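Keep in mind that what you see is a predicted model, and the values were worked out from it rather than measured. Computation of the quantities below employed the complete heavy-atom set of this structure, encompassing side-chain atoms and omitting hydrogens, waters and symmetry-equivalent molecules. Reminder, nothing fancy here: chain letters follow the sequence lines and each chain counts from 1.
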Number of protein chains: 2
Amino acid sequence: MAEASDTKERILDTAERLFAERGLGQTSLRQITSQAEVNLAAVNYHFGSKQGLIKAVLGRRLEPLNRERIRRLDRLERAGELTLEGLIEAFIGPPLELSRDGGGGSRFVRLMGRTYTEHASFLHDHMRQANEGLVSRFKPAFRQVLPDLPKGELYWRLHFMVGVMSYVMAGNDMMQVLAASRSANPDEPREIIRRVVPFLVGGLRAPLPPELQEEASEAGTTEVAAGSG
Amino acid sequence: MAEASDTKERILDTAERLFAERGLGQTSLRQITSQAEVNLAAVNYHFGSKQGLIKAVLGRRLEPLNRERIRRLDRLERAGELTLEGLIEAFIGPPLELSRDGGGGSRFVRLMGRTYTEHASFLHDHMRQANEGLVSRFKPAFRQVLPDLPKGELYWRLHFMVGVMSYVMAGNDMMQVLAASRSANPDEPREIIRRVVPFLVGGLRAPLPPELQEEASEAGTTEVAAGSG
DNA sequence: GTCTATAAGTCGATAGAC
DNA sequence: GTCTATCGACTTATAGAC
């Protein structure tokens, strides 16, 4: 597990690293194969095309990652301990913890963060499909721990939550602009989780602005009935 | 102002649009000049290089945009009405409102959102420098309206705020995955501001987790003295 | 499965005519 | 200030020897 020995995994590991560092479009197959010390033609032999390689790089870690998130949600529910804090940690904890893995995990997490903003259409479809099961599992759970939030408003706020998560995952260092002297290392995942969970709890639990209060009374009626039927 | 007539502005307008749609690296000068209906060599004549063009596209709107944000902050302070809500709106309102501009404004905002995750080193330096005055003006204002937040914690939370902002600005449509039936149009900037401000207020005002409470007592002593002296 | 060689196309940048 | 033509380097992908 420490070193990839055969050609296929050497390509995957190197591609993962370079894609995360430079982006998908800026990374050529030549850069990948020369750094992986394999032949250029091996990529097309093993993955068919560059698109095939990209999908393989993403799928290799995304599937177990989402399984782990769902596993944590299952555990919360079975223990009867479904709280907003726990739910957020189940959702953003696994990807952030993966970045502690000194190996490819941290690269993959950065790549995932970038993927949300990189707009290749095939990639968009691929990520949507890959996250479908995850979303359909977590959405009702968030509804349950935030019962007073109108459905429409909940989606907005989950949207904002994903924004924070993907930004943090992409490893953006706007932090260095904000803070001349930093007390904490923003690359330490436990540190990030500790800081970001209260922020997200506060945001998700924020009171509705006055002009949106009316919608709150509809929350339990219109759309909920359709969604759970 | 409605239509750019001369070559230089046609290039800027077209480049702005294509950069926002496809990213900087994925957009070639040939695509820009053919859609702008100008000669390929005009880019190098007017801007020297592709990098020069990118900087020109960003600078054209970023400077007036940041002036407007600072102007709004000035007005809040002079009126003695500096609240957290107002401060957030002064910071994120102008870029989001710019997307209402049917013309290039909306493209530029998307480009800005993407710029935070696109890691060309020259771009990174350029954006940092372009935002320096903005940050140094807003940072103490946030300190003032959040006096109980330890300095280190404040930077984390501003970091998260920028994450939400850039994600929304980039026009990511993860929303469409989350919500099968949408009640609101996520592209309408007033709508976004109305939803995101309470979320950010809640996040920025969130209570500290127990293990971080100790740092709170130091907030008014150590670093503040150095910062305001 | 791994290699060489190459096809067929794109890229940014520039020289030089007008 | 605008054009054509082109350089040299790069790209993905593939055909075919071993």
Side-chain angles (χ1 to χ4, degrees), chain A residues 3-60 111 114-115 118-126, chain B residues 3-60 111 114-115 118-126:
Chain A
E3 283 282 341
S5 52
D6 69 313
T7 302
K8 202 167 172 179
E9 286 203 7
R10 292 167 68 102
I11 294 174
L12 285 172
D13 290 344
T14 309
E16 182 174 68
R17 178 170 56 80
L18 292 178
F19 284 154
E21 286 172 5
R22 324 180 175 184
L24 303 173
Q26 274 75 16
T27 305
S28 71
L29 297 183
R30 279 180 165 77
Q31 291 168 345
I32 294 169
T33 53
S34 81
Q35 292 203 22
E37 292 177 324
V38 301
N39 189 275
L40 171 62
V43 171
N44 276 21
Y45 176 79
H46 286 287
F47 303 100
S49 66
K50 187 178 178 179
Q51 274 197 20
L53 173 60
I54 292 171
K55 287 180 184 175
V57 166
L58 290 174
R60 181 172 64 148
L111 173 57
R114 300 191 64 167
T115 299
E118 196 136 0
H119 287 202
S121 61
F122 86 92
L123 190 64
H124 187 110
D125 294 342
H126 186 258
Chain B
E3 283 282 340
S5 52
D6 68 313
T7 302
K8 202 167 171 177
E9 286 202 10
R10 292 167 67 99
I11 294 174
L12 285 172
D13 289 344
T14 309
E16 181 174 68
R17 178 170 55 80
L18 292 178
F19 284 154
E21 286 171 5
R22 324 180 175 185
L24 303 173
Q26 274 75 18
T27 305
S28 72
L29 298 183
R30 281 177 168 79
Q31 290 168 344
I32 294 169
T33 52
S34 82
Q35 293 204 21
E37 293 178 323
V38 301
N39 189 274
L40 170 63
V43 171
N44 275 18
Y45 176 80
H46 286 287
F47 303 100
S49 67
K50 187 177 179 180
Q51 274 197 20
L53 173 60
I54 293 171
K55 287 181 185 174
V57 166
L58 290 174
R60 181 172 65 147
L111 172 57
R114 300 191 63 167
T115 298
E118 197 135 0
H119 287 200
S121 61
F122 88 94
L123 190 64
H124 187 111
D125 294 342
H126 186 257

Any B:Ile32 side-chain heavy atom under 4.5 Å of B:Phe19 side chain: yes
Donor-acceptor pair, side chain of A:Gln31 and main chain of A:Ser28, under 3.5 angstrom: yes
Report the distance from atom [atom1] of [X] to atom [atom2] of [N], rounded to the nearest whole Å.
X: A:Asn39; N: C:dT6; atom1: CG; atom2: C1'; value: 13 Å
X: A:His46; N: D:dA13; atom1: NE2; atom2: P; value: 16 Å
X: A:Leu53; N: D:dA13; atom1: CG; atom2: P; value: 10 Å
X: A:Lys8; N: C:dG1; atom1: NZ; atom2: C1'; value: 12 Å
X: A:Gln31; N: C:dC11; atom1: CD; atom2: C1'; value: 14 Å
X: B:Arg10; N: D:dG1; atom1: CZ; atom2: P; value: 16 Å

For [X] and [Y], which heavy atoms make the closest approach, and how far apart are they?
X: A:Thr27; Y: A:Lys50; value: O-NZ, 2.7 Å
X: B:Asn44; Y: B:Ser49; value: OD1-CA, 3.9 Å
X: A:Arg22; Y: A:Arg114; value: C-NH1, 3.6 Å

Residue-phosphate contact under 4.0 Å: A:Thr7 side-chain N/O, C:dT2 OP1/OP2: yes
Value rounded to 0.5 Å, distance of CG in B:Asn39 from OG1 in B:Thr7: 9.5 Å
For A:Gln51, all residues meeting side-chain hydrogen bond (donor to acceptor under 3.5 Å, both in side chains), sequence neighbours excluded: none
Where protein sits on nucleotides 12-18 of chain C, one letter per nucleotide: B base, S sugar-phosphate only, - none, heavy atoms under 4.0 Å: BBB----
Charged N-O contact under 4.0 Å between A:Arg60 and A:Asp13: yes
Helix axis bend for the helix from C:dG1-D:dC18 to C:dC18-D:dG1 - C1'-based end axes, five pairs, 10° rounding: 10°
